[in-house]
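First up is the structure itself, then whatever we jot down about it.
One is the number of the first residue; the rest follow in order along the sequence.
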Amino acid sequence: MANVLRHLPELEGMELGYIQGILKNMDDDQANLFAQVYRARRKDNQMILILCLLGFFGFAGLHRFVLGQIGLGILYLLTVGLCFIGTIVDLVNYKSLAYEYNIRVAHETLNMMSNGGSYAPHANTNDNV
């Protein structure tokens with residue numbers, strides 16, 4: 001059973017609990033690989049907040065582009081954050097936007113690992129046969 005705080009100490013709140021549930025059945029090598037891939041792809045709450053705040057200075061929708069929501073990003077950019085209303089709503093919900101994205105990334109990482117992505121345990125044990 002892997003300890004989530006040893007592999008991903010930057011996590012907090014609901015994300016910490018969710019990732020702990022994912023890591024509970026992994027050994028340390030699997031958890032370390034998961035942590036490396038997940039850390040590289042996850043988005044930080046504070047980055048989403050900062051990008052959302054830029055919406056008030058003419059760069060509306062940058063946070064949506066970063067979260068992979070290209071269509072909404074274009075819509076926000078062309079409508080000035082839906083006349084700032086969408087930007088204000090996203091400011092209130094920035095943590096949930098980041099959490100939803102990070103959960104999706106966690107599932108993609110798990111699928112990659114279970115499909116034999118780059119992790120093959122004990123793959124080199126019979127090289128001399």
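- With rounding to the nearest 0.5 Å, the separation of NE2 in His63 from CD in Gln69 is 8.0 Å.
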Please table the atom pairs, donor to acceptor, closer than 3.5 Å between any side-chain atom in residues 72-85 and protein atoms at least two apart or in another chain.
unit_1 : atom_1 : unit_2 : atom_2 : d
Tyr76  : OH     : Asp90  : OD2    : 3.1
Thr79  : OG1    : Leu75  : O      : 2.6
Thr79  : OG1    : Leu82  : N      : 3.0

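- In this structure the side chain of Tyr38 reaches within 4.5 angstrom of the side chain of Leu11, judged on heavy atoms.
- Among all heavy-atom pairs drawn from Arg6 and Pro9, the shortest one is O-CD, 4.3 Å.
- Contacts classified as ring pair (Phe, Tyr, Trp, His ring centres under 6.0 Å) and involving residues 14-33 (residues at least two apart or in different chains) are given here: Tyr18-His107.
- Residues forming a salt bridge (charged side-chain N to carboxylate O under 4.0 Å, His left out) with Glu100 (at least two apart in sequence, or on another chain): none.
- Within the 4.5 Å cutoff, the side chain of Met14 has heavy atoms near those of the Tyr99 side chain.
- Pairs of residues two or more places apart, or lying in two chains, never qualify as side chain to side chain donor-acceptor pair (under 3.5 Å) while including a residue from residues 51-60.
- Minimum interatomic distance between Leu67 and Tyr101 (heavy atoms only, all atoms of both residues): O-CD1, 3.3 Å.
- In terms of the salt bridge (charged side-chain N to carboxylate O under 4.0 Å, His left out) criterion, Glu12 has no residue partners (sequence neighbours excluded).
- Rounding to the nearest 0.5 Å places CG of Asn32 at 11.0 Å from CE of Met26.
- How far CZ of Arg39 is from CG of Asn102: 12.5 Å, rounded to the nearest 0.5 Å.
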Exercise answer: donor-acceptor pairs, residues 42-57 side-chain atoms, under 3.5 Å, sequence neighbours excluded:
unit_1 : atom_1 : unit_2 : atom_2 : d
Arg42  : NE     : Glu15  : OE2    : 2.9
Arg42  : NH2    : Glu15  : OE1    : 2.7
Arg42  : NH2    : Glu15  : OE2    : 3.3

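- Both Leu8 and Leu5 sit in one connected hydrophobic cluster of ILVMFWY residues. Membership requires side-chain heavy atoms under 4.5 Å apart, directly or through other members.
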